[in-house]
Amino acid sequence: MKPCLKRAERKMRIEKAQEYGATVVFTFSNTVTHIIADKDIKYNEILEFLQLTEIPEGIAVTNPRWPGDCIRYGKLVDPKDFWYQVPGCPTESQQRNPLQDAPISEPIGGHSSLPSSPPSSLQVQPRPPPKQQPETPTNSQKDALDEAIEECLTTTPINIEDFLGSSSSSDTESSPESSPKRRKKASSSSSNSARDWQSHFQCMHKHTGALNPENPNSRTIQILEEMMQIYDSLKDQWRTRSYRIAISTLKSSNTTYISTYEQAISLPGVGDRLAKKIVEIVSTDRLQRLEYAKLDPKDQILKLFHGIYGVGLVQARKFVAAGYTTLEDIKKNATLTEPQRIGIERYSDFKQRIPREEVKQHGDIVSTALKTIDEKVQSHVMGSYRRGAKDCGDIDIILTKEGAGVEELHEVLEKLVEKLFDRKFLMCGLAIARHDDGTKWHGASRLEGEGKPWRRIDFLVVPGEEIGAAFLYFTGNDVFNRSMRLLASKKGMRLNQKGLYKDVVRGKNREKLNEGTLLESKDEKKIFEILGVPYRPPEHRIC
DNA sequence: AGGCAATACTG
DNA sequence: CAGTAT
DNA sequence: GCCT
């Protein structure tokens, strides 16, 4: 539609389409198979422009997201999916309108003509042609193009503005920042902001990890969790973090059904994109990105590879780029570190969950061996075991002794490891302290018997004085820990596995400039106290 | 635009 | 040091 | 992903 080449972005799109084998024509003929309309062009305008009364059978009319998705997913995605529909498109076979179940309360723009009813309500309002996209003057075309495609992909198809009666917003399909309605954050917190600014930290609230089917948002939560799973498996830690936070607030607001954009975006941790996703889930009962992500074979392989101990996102991507598709491929052809080699060898073992009872057995074996080395050294099983989990991903064991320092305990650790290897309990080491003051040992252990799976086991050396901080750290869960640490740093303190420190001087970006002075390290509860966090037993530290 | 926890081990 | 793990 |  209206292929004016002076818009660099559109030109790039056209070129990209051609690159992928499309034939682009500027005049309508019977060779046309798809009509791609700019985002803010309405169906009737297309008819007008083409001087047709209806689009012939078999010709797809889509918005620019469609070619973008095709490239993205490496196949021709269904142009009839509602994401790709042009506003005002005749809803032939009951094309669900994304917002029909989610009436927007009080549109901002003042107009209230929602396209929730059939297209008749969508009168063509002759609009000015799309505004010029202020092109970024820098960068090569390729970069700008990639950005444009990315934008197209990430811009949610439900253009709220269209539905709110955009007065004339200068929005184009790029620039997600142009979201006109910024949060009302500041206004809501005038009097009580000082008091509850810290209540946003997850460590302030009790969680048990139990899901609440009563929550009216359970379906939304379920889908968002799946999406988070995918980002997590792709090691996209920041997106994962955002999803986790958003899901968490959704869980806590278990009295209201969040169904509109306005409702959603007013929640802390829910921004423009997640709000749109929530609306999408509520109105369509699914999430398109999720469905494609589930299918994308590249992601599947990436997930497979990054599941290997010692293989992170970077390595996994390299393996995929190298064309490997199976663990066998990698084992044979790739250059691996020793831990990675073991990681592949024991891939299925390490993926298995460990029953709580077995964790205990491993702990007992360690504990028993320890007694023959030094009576006074204690071992404690930490991690999800301490949180009461029915099964665990690995086994975390703290070695400590009243009054002992790292060096003394490190010696004990070495003896212990040797002894346990002799007993055929330990099967391999994966990451072992280099120095005498090393504090951790990662490896694998196995119960008696050939068929038993190898288990990931970690030993952690903890001086007697630091036992409280260490307990806190190694009990987790990770989210809880990060939350506690973030809170500490916002209060001018620093929390790590050794203790809680004050007077930490931080430069810009919260960069740590000095160590600070120790406040507490031996008593777990006191650390909670000093931070002003209500104490929570391990089983309530699941965020 | 840049942070989002903080630290230890590998190669 | 970058990458990985906790 | 969101927030400052």
Find the distance [X]:[atom1] to [N]:[atom2] and express it as a whole number of Å.
X: A:Leu413; N: B:dC9; atom1: CG; atom2: P; answer: 11 Å
X: A:Arg289; N: D:dG1; atom1: CZ; atom2: C1'; answer: 11 Å
X: A:Asp458; N: B:dA8; atom1: CG; atom2: C1'; answer: 12 Å
X: A:Phe459; N: C:dT6; atom1: CZ; atom2: P; answer: 15 Å
X: A:Phe319; N: C:dT4; atom1: CZ; atom2: C1'; answer: 13 Å
X: A:Leu313; N: C:dG3; atom1: CG; atom2: P; answer: 10 Å
X: A:Gln315; N: C:dA5; atom1: CD; atom2: P; answer: 10 Å
X: A:Leu250; N: D:dG1; atom1: CG; atom2: P; answer: 16 Å

Between [X] and [N], is there a contact of a side-chain N or O with OP1 or OP2 at under 4.0 Å?
X: A:Arg273; N: D:dG1; result: yes
X: A:Lys318; N: C:dG3; result: no
X: A:Arg456; N: C:dT6; result: yes
X: A:Arg482; N: C:dT6; result: no

Check A:Ala469 against A:Gly499 and note the closest heavy-atom contact, atom names and distance.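 Answer, listing the atom of A:Ala469 first, then A:Gly499: CB-N, 3.3 Å.
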Kindly state whether the ring of A:Phe425 and the ring of A:His362 have centres lying under 6.0 angstrom apart.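 Aromatic pair counts; centres sit under 6.0 Å.
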Is it true that atom NZ of A:Lys206 has more than 12 heavy atoms of other residues, nucleotides or ligands lying nearer than 6.0 Å?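 No, NZ of A:Lys206 has 12 or fewer neighbouring heavy atoms, counting only those of other groups under 6.0 Å.
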If you count the non-hydrogen atoms of other residues, nucleotides and ligands that lie under 6.0 Å from NZ in A:Lys491, is the total more than 12?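 Buried by this count: over 12 neighbours within 6.0 Å.
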Considering heavy-atom distances to DNA chain B, does A:Leu430 or A:Ser483 have its closest nucleotide positioned more toward the 5' end?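 Nearest nucleotide further toward 5': that of A:Ser483.
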Closest-nucleotide mapping onto DNA chain B: is A:Gln237 or A:Lys498 further toward the 5' terminus? I mean the 5' end.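 Nearest-nucleotide comparison on DNA chain B picks A:Gln237.
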Starting from the C-alpha separation in whole Å, work towards a yes-or-no answer on side-chain contact (heavy atoms from CB on, under 4.5 Å) for A:Lys490 and A:Phe201. CA-CA 11 Å; A:Lys490 293 263 160 98; A:Phe201 289 82; 4.0 Å; yes
For nucleotides B:dT7 and D:dG1, find the distance between their C1' atoms and express it as a whole number of Å.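 Between the two C1' atoms, the distance is 25 Å.
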Give me the distance, rounded to whole Å, that separates B:dG3 from C:dT6 when you measure between the P atoms they each carry.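 That atom pair is separated by 25 Å.
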With heavy atoms under 4.0 Å as the rule, sort [X] into base, sugar-phosphate or nothing.
X: A:Ile432; value: sugar-phosphate
X: A:Leu224; value: nothing
X: A:Gly438; value: sugar-phosphate
X: A:Asp236; value: nothing
X: A:Asn481; value: nothing
X: A:Leu460; value: nothing
X: A:Glu338; value: sugar-phosphate
X: A:Arg317; value: nothing
X: A:Thr240; value: nothing
X: A:Ala433; value: sugar-phosphate
X: A:Asp396; value: sugar-phosphate

Among [options], find the nucleotide with the atom closest to the side chain of [X].
X: A:Gln497; options: C:dT6, B:dA5, B:dT7; result: B:dT7
X: A:His442; options: B:dC9, C:dT6, D:dC2; result: C:dT6
X: A:Ala431; options: D:dC2, B:dT10, B:dA6; result: B:dT10
X: A:Thr337; options: B:dG11, B:dA5, B:dT10; result: B:dG11
X: A:Ser489; options: C:dA5, B:dA6, D:dG1; result: B:dA6
X: A:Trp238; options: B:dA6, D:dG1, C:dT4; result: D:dG1
X: A:Asn496; options: C:dT6, B:dT7, D:dC2; result: B:dT7
X: A:Pro339; options: B:dT10, D:dC2, C:dA5; result: B:dT10
X: A:Leu274; options: C:dT6, D:dG1, B:dC9; result: D:dG1
X: A:Arg239; options: C:dG3, D:dG1, B:dA6; result: D:dG1

Under a 4.0 Å N-O cut-off, is there an ion pair linking A:Arg456 with A:Asp458?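 Looking at A:Asp458 together with A:Arg456, the answer is yes, because their closest N to O distance falls below 4.0 Å.
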For the residue pair A:Arg356 and A:Tyr385, would you count it as a cation-pi contact if the rule is NZ or CZ under 6.0 angstrom from the ring centre and within 45 degrees of the ring axis?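 Yes, cation above the ring, under 6.0 Å and within 45°.
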Donor/acceptor link under 3.5 angstrom from A:Tyr309 side chain onto base of C:dT4: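 Flag unset: no donor-acceptor pair detected.
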Donor-acceptor pair under 3.5 Å: do we get one between A:Arg434's side chain and the base of B:dG11?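 In this structure, the two groups form a donor-acceptor pair.
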Could you check A:Phe471 against A:His380 for ring-ring contact (aromatic ring centres under 6.0 Å, His included), going step by step and ending with a plain yes or no? CA-CA 9 Å; A:Phe471 260 56; A:His380 304 273; 5.1 Å; yes
